[in-house]
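First comes the structure, then the notes that go with it.
Residue numbering restarts at 1 for every chain, and letters A, B, ... go by the order of the sequence lines.
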Protein chains: 2
Amino acid sequence: MPTTEITETITNAEWCVMRIVWTLGQADSHTIIDLVSQQHDWKAATIKTLIGRLVKKGALATTKNGRQFIYTPLIAEQAAMDTALAGQLDQMCAMCRGQAFVNAIDQTELSQDDIQELIQHLQTKLTTAPATISCDCLPEGYEGSC
Amino acid sequence: MPTTEITETITNAEWCVMRIVWTLGQADSHTIIDLVSQQHDWKAATIKTLIGRLVKKGALATTKNGRQFIYTPLIAEQAAMDTALAGQLDQMCAMCRGQAFVNAIDQTELSQDDIQELIQHLQTKLTTAPATISCDCLPEGYEGSC
DNA sequence: AGTTTGAGTTTACAGATGTAAACTTTAGTC
DNA sequence: GACTAAAGTTTACATCTGTAAACTCAAACT
């Protein structure tokens, strides 16, 4: 299971490549190019560039196999998702995050199990939750609320 | 209440400026520069650039007031947050989004009211939720799962 | 009225990102 | 062993971002 930390961020275009490799577990470039180009109108050269950047960033490992490489993920998909989501949330007013979750969840298809797990976690979280969260958009010492 | 749609995205640095204006409701550049530079080690010139870009993008409106402008948001904060979050989620495997929510919620401070509203929504959502969500990382016709 | 000063505008520039062609190398093929 | 074709590498280039200096212009002060 990949657990390596990565400092550099994975860009939107790179995510598309990573998702293929994450899903397949491993893949050669031919497979990646084949699958990605069915989802996006990108030339093979473009996808090669993305693969190259992901290797350089330490997101994909290579294993030589004859004349080509097998690529495998060096970072875990869930960890990458969590980091990306957390980064997005950090950007936003702490006070408004709850509503953002409500709206995001409303717009997202979730399985029964996912929903039950979420309810579970929320019920636990409720026992220690503060009554209110303050807006943190202004510098220390200023009071504000969105 | 600002409701304008915006096509261009607001960048990370621009978010910092928007949050000030959203929170204050309106502000002149002096105030924005003052507050933002208490949060980030940016020169006034940098913040001016960000303000200018936000005006050009249609995220901030200007009202002349003597020798300066009053800036007001043209887009709603919650809408911007929802769009940003949705964009991030769209990038991620549909099958894994539930777990991403679980982890994000675990890491986020939420108020009792927020949590209760989330539970409420989730309980409603549960009544129509599918048993499972499929991985959508591969092109049509391929089956995969992360 | 002339000068100062601060608000806003223009220009700058490096690095990241999306997009891709051109080139090099080498494993297979004949 | 020479050739070919595909894999990977280099180079390219426009746009976006982060970061900021320089410049312009008019409001406010003297």
> Looking at residues at least two apart in the chain, or sitting in another chain, which of them share a salt bridge (Lys or Arg N to Asp or Glu O under 4.0 Å) with E117(A)?
Replying inline: none
> In whole Å, what is the span from the CG atom of L50(B) to the P atom of dT9(C)?
Replying inline: 14 Å
> How would you label the contact of K56(B) with the nucleic acid (heavy atoms, under 4.0 Å): base, sugar-phosphate, or nothing?
Replying inline: nothing
>> Once you apply a heavy-atom cut-off of 4.0 Å, does S29(B) come out as touching a base, just sugar-phosphate, or nothing?
In response: sugar-phosphate
> Where the side chain of T49(B) is defined as all heavy atoms beyond and including C-beta, which of dT9(C), dA20(D), dA21(C) is the nearest nucleotide?
Replying inline: dA20(D)
>> Test of understanding: with side-chain contact (heavy atoms from CB on, under 4.5 Å), list the residues that count as partners of K125(B), not counting sequence neighbours.
In response: I105(A), L110(A), I115(A)
>> Does dA16(C) have OP1 or OP2 under 4.0 Å away from a side-chain N or O of T11(A)?
In response: no
> Tell me, which of residues 84-93 of chain B have any heavy atom that sits under 4.0 Å from an atom in DNA chain D?
Replying inline: none
> Looking at the side chain of R53(B), which of dT17(C), dA21(D), dT17(D) is the nearest nucleotide?
Replying inline: dT17(D)
> Where the side chain of F69(B) is defined as all heavy atoms beyond and including C-beta, which of dG18(C), dG8(C), dA7(D) is the nearest nucleotide?
Replying inline: dG8(C)
> How long is the line joining CG of L54(B) and P of dC16(D), in whole Å?
Replying inline: 15 Å
>> Whole angstroms only, please: what is the CD1-P distance between I33(B) and dA7(C)?
In response: 7 Å
> Quick one: is T62(A) getting a side-chain N or O under 4.0 Å of the dG8(D) phosphate, OP1 or OP2?
Replying inline: no
> Out of curiosity, L35(A) CG to R19(A) CZ, how far, rounded to the nearest 0.5 Å?
Replying inline: 12.5 Å
Validation: residues 61-70 of chain A side-chain donor-acceptor distances under 3.5 Å, sequence neighbours left out:
{"unit_1": "Q68(A)", "atom_1": "NE2", "unit_2": "D28(A)", "atom_2": "OD2", "d": "3.2"}

> Closer to the 5' end of DNA chain C via nearest nucleotide, is it N65(A) or I47(A)?
Replying inline: I47(A)
> Contact class for N12(B) (heavy atom, under 4.0 Å): base, sugar-phosphate, or nothing?
Replying inline: sugar-phosphate
Could you write out each protein N or O paired with an N or O of nucleotides 23-28 of chain D at a distance under 3.5 Å?
none

> Step by step, would you call Q116(B) with Q120(B) a side chain to side chain contact (heavy atoms under 4.5 Å, CB included)?
Replying inline: CA-CA 6 Å; Q116(B) 258 148 2; Q120(B) 202 71 201; 5.9 Å; no
>> Which is more 5' along DNA chain C, the nucleotide nearest E14(A) or the one nearest Y71(B)? Just name the residue.
In response: Y71(B)
> To the nearest Å, how far apart are W42(A) CH2 and dT19(C) P?
Replying inline: 6 Å
>> If I take atom CG in residue D41(A) and atom C1' in nucleotide dT19(C), what distance separates them, rounded to the nearest angstrom?
In response: 11 Å
>> Output the rounded distance in Å from CG (L60(B)) to P (dA7(C)).
In response: 16 Å
>> Going by the rule side-chain contact (heavy atoms from CB on, under 4.5 Å), which residues pair with H40(A) if we only count those two or more places apart in sequence or in a different chain?
In response: C16(A), V36(A), W42(A)
>> A side-chain contact here means heavy atoms from C-beta on lying under 4.5 Å apart; do I119(A) and L118(B) qualify?
In response: no
>> Nearest whole Å is fine: how far is dT5(C) P from H30(B) NE2?
In response: 15 Å
>> If I take atom OG1 from residue T23(A) and atom CG from residue L138(B), how far apart are they, to the nearest 0.5 angstrom?
In response: 5.0 Å
> Within this structure, what is the CD1-to-P distance between I51(A) and dG18(C), rounded to whole angstrom?
Replying inline: 15 Å
>> On the nucleotide dT19(C), are OP1 or OP2 found under 4.0 Å from the side-chain N or O atoms that T46(A) carries?
In response: no
> Counting N and O atoms only, with roles assigned by atom type, does the side chain of Q112(B) sit under 3.5 Å from a partner on the main chain of A129(A), one being a donor and the other an acceptor?
Replying inline: yes
> How many angstroms lie between OG1 in T11(B) and CZ in R53(B), if you round to the nearest 0.5 Å?
Replying inline: 7.5 Å
